[in-house]
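Values below: every heavy atom of this structure, side chains too, minus hydrogens, waters and symmetry copies.
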2 protein chains.
Amino acid sequence: MTELSLNMDEYLPLRDVVFHTLRRAILTGQLKPGERLMEIHLAQKLGVSRTPVREAIHKLELEGLVTMMPRRGAQVAQISEKGLKDVLEVRRALDAFCAELACERITPKEEEELKKACKEFEEAVKIGDPTLIATKDVAFHDIIINSTGNERLISTINNLAEQIYRYRFEYIKDASQRPRLMEEHRTLLDAILNKDLARAGKAARIHIDNQEISILSQIYPEG
Amino acid sequence: MTELSLNMDEYLPLRDVVFHTLRRAILTGQLKPGERLMEIHLAQKLGVSRTPVREAIHKLELEGLVTMMPRRGAQVAQISEKGLKDVLEVRRALDAFCAELACERITPKEEEELKKACKEFEEAVKIGDPTLIATKDVAFHDIIINSTGNERLISTINNLAEQIYRYRFEYIKDASQRPRLMEEHRTLLDAILNKDLARAGKAARIHIDNQEISILSQIYPEG
DNA sequence: ATTCTGTATGTTGTATACAATATTCTTTAA
DNA sequence: TTAAAGAATATTGTATACAACATACAGAAT
């Protein structure tokens, strides 16, 4: 058997192309909460028929980025204050759990990656570009999450993260939060490297707590 | 404005009817893991066109009950030992979290319901009907989960529960496990009524631990 | 006998057509 | 002027048609 892999996996159904396109548009705020998603219009704009658009919208609904009313169509999901708090409450619990698992399961190679990611995050903060900071922040957390080796846990957390992606980005743009963010990353890194379950879990919880406070005060300044 | 609610909500899209039908068939084992789901056949059997069947299958895929290969169709999801362990690991963490939250948030009314559900579970065990036991077991846990008031947490846990429903039922049919199940329910109930967070969380974890051991030894007797 | 190739068949992916319902706008009556 | 009714329009829900691809089988060449 020769090892020609002959990349035959490059086929993507149109529904998935549309799905990724719409998903990105929602997460980046191009499509705003409450905005209606009409099949024909999107189909024409994307140059496909209604079918793949329908299927993409249904997928987005299951992911929680879109809400549908029967016979009335779909719109970009609007998250309520309660909804946001609920998401963050679950995330806090699961992130803390991830941090604890990471202490037990992280490999030496992943430890190096985590140190590197922590450093790169700090450099991104120095540079000050919000998009870069967000990317490096995600990368840092992804290493921790992936080190658990639990795929169900990974996909569950990623789904929760997706729900608040839009709002979290606003939070990262707030420069005054960044020193604290850096400090929290360092604490978390240190706790994991020292296999200190309790401290790692606590650090992860505090990290989300601060996110929650910031995000809520930005979206609901009076509450 | 008169308050005529004029039950106009009884419309259900065909895709949802098909979805619920297939879902039930999978959860009850009528459709077995690995079995192919072919659109035309299902459509003919259910007396609808391919479209709603397609959409239902996609929904099932997102719920994790069905796996799809592009251009090759769908089949009932098969869970691996690793997949089962992953699901149970997340459930353990979230169930424990629910139990702790329940201590803080359960209302007096829900406390009464929980006591009643615990009693009814014990009666079901006395009667010995597996289906009834399973129903009462779900009812007991649902009260705890719902008492958290966190809808995201509720739906996340319900999705995880769905993944292992088929296997859990086998576990409940094993009569030797039932006394322990009863004991665990009583411990959990007592801890919640006494607002003992630590004990409630621990009880929930042990409850899942035992499920895991039983289920795994039934499905993978050698492992 | 085995492998390759071509054909026939089956299945999914996408587009389109039609039906049922929502929405909007216009007209009419008070 | 406002409210109600009805027609016109827009949009979703479902069915079907057709194309692209996958699979299975038969026959030919080695």
Side-chain angles (χ1 to χ4, degrees), chain A residues 1-2 4-23 25-26 31-32 34-63 65-78, chain B residues 1-2 4-23 25-26 31-32 34-63 65-78:
Chain A
M1 266 301 184
T2 61
L4 75 151
S5 84
L6 193 56
N7 51 347
M8 276 177 34
D9 305 336
E10 56 188 49
Y11 167 78
L12 251 193
L14 265 187
R15 59 165 178 271
D16 289 332
V17 177
V18 176
F19 170 73
H20 288 300
T21 305
L22 295 179
R23 182 166 172 276
I26 292 173
L31 286 170
K32 297 196 189 347
E35 196 163 330
R36 281 188 72 183
L37 297 174
M38 278 177 305
E39 297 169 5
I40 314 176
H41 297 165
L42 291 171
Q44 284 172 350
K45 186 169 261 184
L46 299 172
V48 298
S49 81
R50 275 178 62 208
T51 308
V53 173
R54 269 182 83 75
E55 298 183 339
I57 288 176
H58 288 144
K59 242 176 141 170
L60 289 166
E61 191 208 3
L62 279 256
E63 288 229 356
L65 292 179
V66 154
T67 53
M68 295 191 65
M69 301 272 289
R71 298 216 128 98
R72 211 167 296 187
Q75 59 178 195
V76 179
Q78 284 180 297
Chain B
M1 266 297 187
T2 60
L4 74 150
S5 84
L6 191 55
N7 51 347
M8 276 176 32
D9 305 335
E10 58 187 50
Y11 167 79
L12 250 194
L14 265 187
R15 60 167 176 269
D16 289 332
V17 176
V18 176
F19 170 73
H20 288 300
T21 305
L22 294 181
R23 184 166 172 276
I26 292 174
L31 286 170
K32 299 198 190 343
E35 196 163 329
R36 282 189 72 183
L37 298 174
M38 279 176 301
E39 298 169 4
I40 312 175
H41 298 164
L42 291 171
Q44 284 171 351
K45 187 169 259 180
L46 299 172
V48 299
S49 81
R50 275 179 62 208
T51 307
V53 173
R54 268 183 82 74
E55 297 183 340
I57 289 177
H58 288 145
K59 243 176 140 168
L60 289 166
E61 192 207 2
L62 279 255
E63 288 229 356
L65 292 178
V66 153
T67 54
M68 294 191 66
M69 300 272 288
R71 297 216 126 100
R72 211 168 297 189
Q75 59 178 195
V76 179
Q78 284 181 298

Residues within residues 46-57 of chain A bordering DNA chain D, heavy-atom distance below 4.0 Å: A:Arg50, A:Arg54

Rounded distance in Å - CG (B:Asp16) to P (D:dT14): 9 Å

Between C:dT12 (P) and B:Gln44 (CD): distance, integer Å: 12 Å

A:Glu61 vs A:Thr67, side-chain contact (heavy atoms from CB on, under 4.5 Å): CA-CA, chis, key distance, verdict: CA-CA 6 Å; A:Glu61 191 208 3; A:Thr67 53; 5.9 Å; no

Comparing A:Pro70 and A:Leu14 on DNA chain C - which has the more 5′ nearest nucleotide: A:Leu14

Spatial distance of atom CG (B:Leu14) from atom CG (B:Leu46) [nearest 0.5 Å]: 9.5 Å

Between C:dT14 (C1') and A:His58 (NE2): distance, integer Å: 16 Å

4.5 Å side-chain heavy-atom contact, A:Phe19 and A:Glu63: yes

Separation of C:dT21 P from A:Met38 CE (nearest whole Å): 21 Å

Protein-nucleotide distance (B:Leu42, atom CG; D:dA15, atom C1'), rounded to Å: 17 Å

Qualifying side chain to side chain donor-acceptor pair (under 3.5 Å) pairs, either residue in residues 40-52 of chain A, two or more places apart: A:Glu39-A:Arg50

N or O in side chain of A:Arg15 less than 4.0 angstrom from C:dG13 OP1/OP2: yes

Heavy-atom side-chain contact between A:Ile57 and A:Leu42 under 4.5 Å: yes

Under-4.0 Å side-chain N/O to phosphate OP1/OP2 contact, B:His41 with C:dT11: yes

Distance in angstrom units between A:Arg71 CZ and C:dT21 C1', rounded: 5 Å

d(CG, A:Leu12; P, C:dT14) in whole Å: 10 Å

With a 3.5 Å cut-off and sequence neighbours excluded, list the donor-acceptor pairs that the side chains of residues 69-76 of chain B form with protein atoms.
residue : atom : partner : partner atom : Å
B:Arg71 : NH1  : A:Tyr11 : OH           : 3.0
B:Gln75 : NE2  : B:Gly34 : O            : 3.2

Between P of C:dG13 and CD of B:Glu61, the distance in whole Å: 10 Å

Ion pair check, B:Arg54 and A:Glu55, cut-off under 4.0 Å: yes

